[in-house]
Amino acid sequence: MRFLVVDDSPTMRRIVINALRSFGYDDIVEAADGQEALQKLESEGNIDFVITDWNMPNMTGLELTKAIRSHPKFSNLPILMVTTRGLKEDILQALQARVNNYIVKPFTPNILKEKIEKILAKLQAQA
Amino acid sequence: MKELDIVSLLKKTEELRALFVLGQRVIPFLEEIFLFIQELTPQLAKISRSIEENLQNIPNASKQLEQVTKATEMATTEILNTLEGITYKASVIQANAREIQALIDRQEASRKQVIYRIQRLIDEGNPAADELREIKTVLQRMDVHTQVQKATEEAANLMESISNDATQIMMTLQVQDITAQQLAAVNHLIEETQKQLRSIVERFYTRGLDKLLDDLDVEVRQKSEQQPTEKAKVTKLHREIAFDEEAIVGLEEGGKHRQQMVEELMEQFERGGLSEAASTESKEEASSGAESDQTQAASAQPAESQTTEAPPVSEQPGSESSSPSQEDDAKKPIAQDDINALFD
């Protein structure tokens, strides 16, 4: 399982990556904003799961989600939004953009693991 | 001259007199206003000079914020490096402890095997039975398996606990990202204020007070008509930082406070209060139309199975008809439990 972790904060990227490693996921690619994430999706290939922040320069996580969903190759990629934005209207916007799940920062490793497993289980059930 | 004309003339004269009386009363007041405005202009010039002086200090404030953000990010990176080191070392010690455990298990099996064979030799009447008995006693005294096993298991468990603590500290470092966003928001505000004040001071000198007030009026109107953008707000500190002014809400909701909120929600749920609150909300949303349709559609159709993208709430018919209380509701921070409910 190859993860793409997108966040403009190097601290947050490391925190998420370390949490993923502690769950046993070692194949991780990172990007500092939505634009770089799209480039990585094209160049790295075989990304299975995207974990993205919302507020980022150049291209936000919401814009990235919309770009992925409208991309012929990546439209079905699971996307987990991890953000400080915790207003109801934000979550509705994320739902409209079709993120698979949503976590408000600060989060615990358990909630991250739980969300990833839930998304993967849903995808597996649909396959 | 007709009598009517005289009456009319007298009336007009009376009106004129009244006007003069009013004028006599108003003139001092107008003079006062004039004097006030005369005094106000140098005062405004003074204020604008003071603003100009303060404007010189604003870059320093921004610089200080930049230094604080950079320093905390660097410190966080160092802590993360150390924590990653601790986690790695702990995992190596843990693996070694497990290896020692496996080794000691094998040794114990061999020791027991040797004792068993010696006993058989003794039982078969081996001529060196006395010596064999001595060797057997020595071997029996060499039983350290239980102690070593206990010690290695304890070491492995301690290492696991240290790893978990390190992960816990790492997660706590999320606060650096949240505070950096807060500082970025403050920096953005400072820079915007500086820009606005500089522009006001410049226009005060070049265009005068009247024009300046007209300009500000137009600007305020234009700002209120501005459409919200999807782009994140970004400010330049030691690097470009995209920020959410509400990030502090996340911080307050985090840690103990969030946990408390979760516990309270759980309690409410057990008492049936939460489900009632949820059903009230869905009824309200159903009557409001767009937002509820979207929410229901989204929850009914998870991202994995959706094939078409719904239009944004703002573009949907009826979305403007939501009541102020619903708008307030949308601005409220939402607990992780409620988010989970939306996605489940």
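Below, read A as the first sequence line, B as the second, and so on, with proteins coming before strands; counting in each chain starts at 1.
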Where does [X] contact chain B at under 4.5 Å (heavy atoms): side chain, backbone, both or neither?
X	result
A/I103	both
A/T11	both
A/T108	backbone

* Is the backbone N or O of A/N55 less than 3.5 Å from a side-chain atom of B/D244, with the two atoms forming a donor-acceptor pair by type? -> no
So how far is it from [X] [atom1] to [Y] [atom2], rounded to the nearest 0.5 Å?
X	Y	atom1	atom2	answer
B/E240	A/D33	CD	CG	9.0 Å
A/S9	B/Q174	OG	CD	9.5 Å
A/R21	B/T167	CZ	OG1	12.5 Å
B/L80	A/R13	CG	CZ	12.0 Å
B/I169	A/I15	CD1	CD1	12.0 Å
A/R14	B/T76	CZ	OG1	10.0 Å

* Name the region of B/Q181, side chain, backbone, both or neither, that has any atom closer than 4.5 Å to a heavy atom of chain A. => side chain
* To do: Measure distances from B/N164 to the heavy atoms of chain A and classify the residue's part below 4.5 Å as side chain, backbone, both or neither.
  => neither
* **Test item: B/I178 and A/P106 side chains (from C-beta on) under 4.5 Å apart, heavy atoms** => yes
Quick check: are there more than 12 heavy atoms from other residues, nucleotides or ligands sitting under 6.0 Å from [atom1] of [X]?
X	atom1	answer
A/F23	CZ	yes
B/E99	CD	no
A/K113	NZ	no

* Of all the heavy-atom pairs spanning A/P57 and B/V234, show the shortest one and how long it is. => CA-CG2, 3.8 Å
* Picking from B/K233, B/R239, B/Q176, which has the most non-hydrogen pairs under 4.5 angstrom with chain A? -> B/R239
* Sort out for me which of A/R85, A/E63, A/M56, A/M59 touches chain B most, counting heavy-atom pairs under 4.5 Å. => A/E63
